Every structure is written in C-alpha cells, then in structure tokens.
Participant: 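This is the structure I have questions about; it appears just below.
Only a predicted model underlies this, so the values are computations on that prediction, with no experimental measurement involved. As the structure lists them, so they are numbered: ligands from 1, and atoms in each ligand from 1.
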Amino acid sequence: MLIKTTKASDIKESEVCDEGVYYSRRKFIKQAAAGTGLLAASSLYLPTSLAMSDDPVAPAVANAKSSPVVKTKQNTLKFKKTQYGTKLKSTPYEYITGYNNFYELGTGKSDPARNAEYLKTEPWSITVEGQAEVTGKFNFEDILKRHSLQERIYRLRCVEAWSMVVPWVGFPLADLIKYFKPNSKAKYVEFQTLYNPKLLPGQNRRVLDWPYTEALRIDEAMNSLSFMAVGIYGKQILNQNGAPIRLVVPWKYGFKNIKSIVKIRFVEKLPRTSWWKSAPQEYGFYANVNPAVDHPRWTQKRERIIGTYRRRKTELFNGYSEEVASMYSGLDLKKNI
Ligand SMILES: Nc1nc2c(c(=O)[nH]1)N[C@H]1C(S)=C(S)[C@@H](COP(=O)(O)O)O[C@H]1N2
Ligand SMILES: [Mo]
C-alpha cells in the first residue's frame with residue numbers, strides 16, 4: 001500500500017496554477033466565440049477580459065500604480081476588528097484597488113482605477129422608497145453617523161472565476177434596514193447605482209441597462225453576513241471599489257456586490273437585476289457561488305487567486321455555508337442560479 005504523507009506546509013495540488021489548462025480553456029473560449037460570432041457580443045458580457053485579454057492581472061496592476069488610486073482626501077476610518085476572516089490572507093491593496101469590475105468606469109480591469117476621478121462622491125445621498133415606514137432622501141454622512149464601523153475580512157468570488165480576500169470596513173446591512181422599518185410587503189430589497197454619465201462615463205455606452213441594479217430577498221439582506229462597506233484596509237473606499245458605499249454579500253458572485261449606491265427600494269415583486277436581465281441563462285438572480293453549477297461558457301469548479309499564481313477549489317456558497325445554507329433549504333440550486 002502506498003501511503004502519502006502531507007505536511008501542512010505542502011501546497012495543495014488544487015492551489016497550484018495549471019497554466020496549460022488555464023490557457024487552453026481561454027483559447028477554447030476565444031475559438032468558440034469567434035466561430036459563433038460571440039466575440040463581438042461578448043463585449044456585452046462580464047467575461048470580456050477572461051475571454052479576450054492575455055494576462056489581465058499584470059497590466060491592470062502596472063497601470064494602477066501609475067494612476068491616481070490614492071485620493072487626496074482619503075480619510076482613515078475608526079473601526080473595530082471582528083473575528084470574520086481573521087484566518088484568511090488578504091489580497092494586497094494594489095490588487096484590490098487596481099483590478100476591478102465597475103463597468104460605469106470602463107470594462108477593462110484597470111479602467112476603473114484610471115477613470116476613478118470622474119466620479120465625485122461629495123455630496124452623496126441615498127433615496128429610500130417603497131414598503132417601509134421610514135422613507136425619503138438621506139445624506140450619506142447622516143447614515144454613516146448612526147453606525148459604528150467594524151472590519152470584516154471576506155472572500156470575494158467573481159463569476160469570471162477569480163477571487164480575492166478583502167478586509168472591508170463598514171456595518172451590517174441589517175442595521176441599516178432596521179432603521180427604515182420595512183413592512184410585511186417588503187419581500188425584496190433593491191439597490192441602484194448612481195446614474196450620471198458625466199460622473200460615470202461608461203454609462204454613455206449601453207453595455208448594461210443603466211442604472212446598475214441589484215437586489216436581495218429580504219431574508220438574505222437581513223443575514224448577518226450582508227454588509228455595507230465604506231472602507232478597505234481601514235481607509236475610505238476608493239471610487240473604483242464603489243465609493244462612498246457599496247454592498248458586500250460574500251456567498252454570492254461578485255456582481256451582486258453593487259457599488260456606489262444611491263437608491264434602496266423595499267418591494268413586493270422580484271426586481272429585475274442588471275446582469276440577470278442582460279443574460280439570464282448566464283447570470284441568475286440568486287448568483288450563489290456554486291462549484292457544481294458551471295457557467296455556460298466556463299467551469300466554476302476552480303478560481304484564480306488574484307495577486308498570486310495559485311488557484312483554489314471553489315467552495316459552495318464561497319465557504320459561507322454555515323451562515324447561509326439554511327436560507328436555501330427548499331431551493332433547487334441548479335435551477336435557481
Ligand atoms: N455599479 C456596479 N457595481 C458592480 C459592478 C459594476 O460593473 N457596476 N461590477 C460587479 C462585479 S462583476 C464585481 S466582481 C465586483 C467587483 O468589486 P471590486 O472591483 O471592488 O473588487 O463589483 C460588482 N459591483
Ligand atoms: Mo464579477
């Protein structure tokens with residue numbers, strides 16, 4: 001019998017980047033896309049960089065360093081540490097702020113950092129509408145004042161099969177929602193990003209049906225993991241990451257984590273969210289991270305770890321099953337993507 005012993009220091013096989021497999025998968029995507037005329041259409045979809053650029057990571061970070069990623073008025077935040085994610089290894093700041101998806105600031109991974117200065121976040125307000133006792137327009141500062149800030153280190157898994165670990169600073173979404181006192185008709189919470197093509201020039205192209213819209217079931221929104229982030233690494237969140245306030249739902253694919261929020265609506269009917277609307281067979285409403293459900297054009301079993309040459313196995317609910325699985329006990333996760 002062959003007995004294999006592994007030391008804790010050994011790198012897991014699943015974490016080693018298999019360049020051959022990775023590039024051939026991309027080549028396949030390119031060829032398949034070219035053959036069906038999908039290449040042109042693919043600029044409308046999320047995976048443009050995955051399908052079309054040769055090394056999205058290196059150039060993104062090189063560009064980020066020469067662009068104004070650090071705002072002149074980037075305040076340090078006061079926050080308390082928590083137990084969330086203390087065992088995870090956070091992705092370096094340059095990658096978190098230099099490798100982004102924020103299509104309103106461009107569809108390339110380094111575009112949001114380069115175009116960050118277009119967006120002005122002062123003043124900022126959030127309009128709250130719908131099935132709630134407290135509605136109206138609220139200054140961002142007034143909202144912020146009601147919450148004490150905490151740090152949570154969460155995994156972020158993009159539907160494009162890459163991942164990061166981000167030390168967010170913010171407050172629980174449940175605390176924000178409680179203030180507005182939603183009524184029993186509030187089955188979903190919808191969020192909208194600012195619509196202003198001058199401040200978000202990517203909105204001059206109809207890549208998506210702007211404004212970017214996302215939503216959660218009310219129980220998902222009230223889950224203890226759901227978080228509103230206003231900072232990263234203890235500093236005010238930069239525009240490319242969704243300043244001044246963005247959603248973080250770590251068990252779902254990245255696109256649910258809507259940035260630069262100006263509107264929150266409590267609604268009875270299932271809202272039509274942006275990516276779901278644009279390609280429903282590829283991006284569902286739930287968008288729960290699930291290695292057993294492949295994207296129609298690539299596998300979701302593994303993910304590239306941004307800032308390293310490693311890959312890891314994707315985990316169901318991005319590793320947060322304990323906190324969230326019970327919300328989906330009656331749901332067929334293969335059908336409800
Ligand atoms: N308004 C808006 N929010 C958005 C996006 C976007 O294009 N516009 N991209 C989403 C996607 S696909 C991902 S993976 C995350 C990326 O967040 P990060 O750039 O802070 O890592 O933001 C999400 N939120
Ligand atoms: Mo994403």
Participant: Quick one: do Lys252 and Glu214 make a salt bridge, cutoff under 4.0 Å?
Facilitator: no
Participant: Quick check, are the ring centers of Phe227 and Tyr84 under 6.0 angstrom apart?
Facilitator: no
Participant: Are any of the N/O atoms on Lys259, whether in the backbone or the side chain, positioned under 3.5 angstrom from an N/O atom of ligand 1?
Facilitator: yes
Participant: Within the 4.0 Å heavy-atom shell around Leu156, which atoms of ligand 1 are there?
Facilitator: 21 (O)
Participant: Taking Glu268 for its side chain and Lys185 for its backbone only, find out whether a donor-acceptor pair lies under 3.5 Å.
Facilitator: no
Participant: Quick check: Tyr103 with Trp210 (ring centres under 6.0 Å apart)?
Facilitator: no
Participant: Can you find an N or O of Asn257 that's nearer than 3.5 Å to an N or O of ligand 1?
Facilitator: yes
Participant: Within 45 degrees of the ring normal and closer than 6.0 Å to the centroid, is that where the cationic atom of Lys256 sits relative to Phe285?
Facilitator: yes
Participant: Any idea which of Tyr99, Tyr103, Tyr95 brings a heavy atom closest to atom 7 (O) of ligand 1?
Facilitator: Tyr103
Participant: Strictly distance-based, threshold 3.5 Å: is any side-chain N or O of Ser260 a donor or acceptor partner for the main-chain N or O of Ala243?
Facilitator: yes
Participant: On the 0 to 90° scale, with breaks at 30° and 60°, tag the Tyr179-Phe138 ring pair as parallel, tilted or perpendicular.
Facilitator: perpendicular
Participant: Which atoms of ligand 1 are found less than 4.0 Å from any heavy atom of Cys158?
Facilitator: 14 (S)
Participant: State if Arg246 counts as touching ligand 1 under the rule of any non-hydrogen atom under 4.0 Å.
Facilitator: yes
Participant: What I want to know is whether Asn100 and ligand 1 share at least one N or O pair that is separated by under 3.5 angstrom.
Facilitator: yes
Participant: Using a strict threshold of under 4.0 Å (side-chain N to carboxylate O), is an ion pair present between Arg155 and Glu315?
Facilitator: yes
Participant: What atoms of ligand 1 come closer than 4.0 angstrom to any heavy atom of Thr193?
Facilitator: 1 (N)
Participant: What part of Glu104, side chain, backbone, both or neither, has a heavy atom within less than 4.0 angstrom of ligand 1?
Facilitator: side chain
Participant: Show the atoms of ligand 1 that are less than 4.0 angstrom away from any heavy atom in Asn241.
Facilitator: 18 (P), 20 (O)
Participant: Should one rank Tyr212, Tyr283, Phe102, Phe191 by closest heavy-atom distance to atom 10 (C) of ligand 1, which comes out on top?
Facilitator: Tyr212
